[in-house]
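Okay, structure first, notes after.
What you see is a predicted model, and the numbers here were worked out from it, not measured in a lab. Numbers here simply count residues along the sequence, with the first being 1.
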Amino acid sequence: MKQLIFSALLIASSFNLYAWQTLIDTTSTDQNLTAKQQAIVRIAALTGKGDLGKLKTELNVGLEAGLTVNQIKETLVHVYAYAGFPRSIRGLQTLMTVLDERKAKGINDEKGAETSPINDQRSKYERGKAILEKLTGVAETGSKTGYAAFAPEIEVFLKEHLFADIFERDVLTYIERELATVSVLAGIGGVEPMLRSHLNICLNVGLSPGQLQQFIGTIGSTIGKKEAKATQKVLDDLLKSK
């Protein structure tokens with residue numbers, strides 16, 4: 001056993017710490033994200049930043065970690081809600097290149113499940129409202145305040161499009177979508193209230209404080225210490241308020 005541990009440590013020394021963690025974190029615990037979850041964090045963060053060189057590498061890592069093509073496509077599409085169509089489309093174009101290169105090498109990646117049909121007969125607004133309530137654990141009642149009162153159109157767009165059209169798609173779980181969301185928000189910066197809200201949703205949907213600490217470590221190794229430090233402050237303030 002000691003020899004096996006020593007050999008593993010020797011192998012680990014040739015890898016970046018976070019790459020090594022990706023190889024060994026195959027199951028989720030209260031402290032660790034799975035390799036697939038870490039891959040989603042890196043892919044979403046780099047897509048939001050527009051770092052296509054690093055993204056290409058991480059797309060390969062994600063596929064090797066077991067993400068399906070459709071799960072990665074869905075992550076890249078999800079990013080557009082927070083970083084815009086240009087970043088999302090460039091991410092999709094990069095994925096197309098990666099898949100072509102892997103196919104040329106004889107690698108046939110699993111396509112994965114398609115989105116299930118939506119059979120809910122409620123309006124998109126009502127469906128989106130119900131999903132938001134489930135994510136936040138807070139009932140959407142009472143009169144609108146803040147930006148929702150100032151610009152009611154965007155409140156409707158959020159309910160109908162973000163939380164119905166996007167979050168309702170089941171290729172990704174709520175946890176995976178929230179990890180993608182906080183990854184983009186952490187990367188673009190200057191959106192601390194939204195980052196705090198979505199970190200809180202992460203806790204509501206089942207991620208632990210320890211897993212969010214690992215998320216911040218992954219952000220630091222992927223896009224920078226500055227972004228990780230700012231995210232850490234938001235998380236610390238959130239946890240102190242609990």
Side-chain angles (χ1 to χ4, degrees), residues 8 11-12 14-29 32-116 166-167 169-187 202 207 211 214-224 227:
I11 295 171
S14 66
F15 287 90
N16 174 277
L17 174 60
Y18 292 93
W20 176 245
Q21 287 177 331
T22 298
L23 291 175
I24 64 175
D25 292 344
T26 57
T27 58
S28 179
T29 69
N32 296 316
L33 300 171
T34 67
K36 291 181 183 180
Q37 289 170 336
Q38 291 179 66
I40 287 173
V41 169
R42 292 191 294 267
I43 288 169
L46 291 168
T47 303
K49 293 290 278 188
D51 191 336
L52 301 183
K54 286 186 178 180
L55 175 61
K56 187 174 182 181
T57 298
E58 294 302 339
L59 290 171
N60 278 285
V61 172
L63 289 165
E64 293 300 324
L67 287 175
T68 67
V69 173
N70 281 340
Q71 285 174 322
I72 295 179
K73 282 169 60 178
E74 197 72 20
T75 300
L76 297 173
V77 170
H78 185 95
V79 168
Y80 106 80
Y82 301 94
F85 277 112
R87 295 293 198 209
S88 179
I89 291 172
R90 291 297 286 135
L92 289 165
Q93 291 170 333
T94 303
L95 174 60
M96 291 167 64
T97 298
V98 167
L99 293 174
D100 286 343
E101 291 176 352
R102 290 170 66 86
K103 188 174 182 180
K105 295 176 183 178
I107 303 172
N108 294 309
D109 294 294
E110 181 184 353
K111 185 176 181 181
E114 302 283 350
T115 304
S116 300
I166 299 177
F167 269 81
R169 293 166 61 85
D170 60 0
V171 174
L172 296 178
T173 65
Y174 287 158
I175 285 178
E176 290 165 341
R177 287 194 182 279
E178 283 303 324
L179 283 172
T181 299
V182 293
S183 299
V184 178
L185 296 178
C202 285
L207 289 168
Q211 288 171 320
Q214 189 186 21
F215 153 72
I216 292 174
T218 303
I219 288 296
S221 66
T222 303
I223 57 176
E227 290 84 354

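You'll find the side chain of Val77 stays beyond 4.5 Å of the side chain of Ile166, heavy atoms only. Leu67 has its side chain within reach of Ile43: a pair of non-hydrogen atoms, C-beta onward, lies under 4.5 Å apart. Ile219 is not listed as a side-chain neighbour of Val182, based on a closest heavy-atom distance of 4.5 Å or more. Thr181 is listed as a side-chain neighbour of Phe167, based on a closest heavy-atom distance under 4.5 Å.
A search for side chain to side chain contact (heavy atoms under 4.5 Å, CB included) contacts involving Thr94 returns Leu52, Leu55, Lys56, Leu59, not counting sequence neighbours. Listed by chain and number, the residues in a side chain to side chain contact (heavy atoms under 4.5 Å, CB included) with Lys54 are Leu46, Asp51 (sequence neighbours excluded). Judged as a ring-ring contact (aromatic ring centres under 6.0 Å, His included), and not counting sequence neighbours, Tyr174 has no contacts. Glu110 is linked by a side chain to side chain contact (heavy atoms under 4.5 Å, CB included) to Thr68, counting only residues two or more places apart in sequence or in another chain. Checked against side chain to side chain contact (heavy atoms under 4.5 Å, CB included), Arg169 has the following partners two or more places apart in sequence or in another chain: Glu74, Thr115, Arg177. Phe215 pairs by the ring-ring contact (aromatic ring centres under 6.0 Å, His included) definition with nothing, not counting sequence neighbours.
Taken from CD in Glu178 to CG in Leu185, the straight-line distance is 9.0 Å, to the nearest 0.5 Å. To the nearest 0.5 angstrom, Leu99 atom CG is 6.0 Å from Leu63 atom CG. Note that the CG atom of Asn32 and the CD atom of Gln37 stand 10.0 Å from one another [nearest 0.5 Å]. The structure places CD of Glu114 at 6.5 Å from NZ of Lys73, a figure rounded to the nearest 0.5 Å. Leu76 CG to Ile40 CD1: the interatomic distance, rounded to the nearest 0.5 Å, is 10.5 Å.
Closest heavy-atom contact between Gly62 and Ala39: CA-CB, 3.7 Å. The nearest pair of heavy atoms linking Val184 to Gly48 is CG1-CA, 4.4 Å. Here the closest heavy-atom approach between residue Thr47 and residue Ser88 is recorded as CG2-CA, 4.3 Å. Between Thr222 and Arg42, the closest heavy-atom pair is OG1-CG, 3.2 Å. Among all heavy-atom pairs drawn from Lys49 and Ile223, the shortest one is CG-CG2, 3.9 Å.
Exactly one of Thr57, Asn60, Asp109 qualifies for a side-chain contact (heavy atoms from CB on, under 4.5 Å) with Val98. That residue is Asn60.
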Subject >> Pair His78-Glu176, side chain to side chain contact (heavy atoms under 4.5 Å, CB included): steps then yes or no >> reply: CA-CA 10 Å; His78 185 95; Glu176 290 165 341; over 6 Å; no
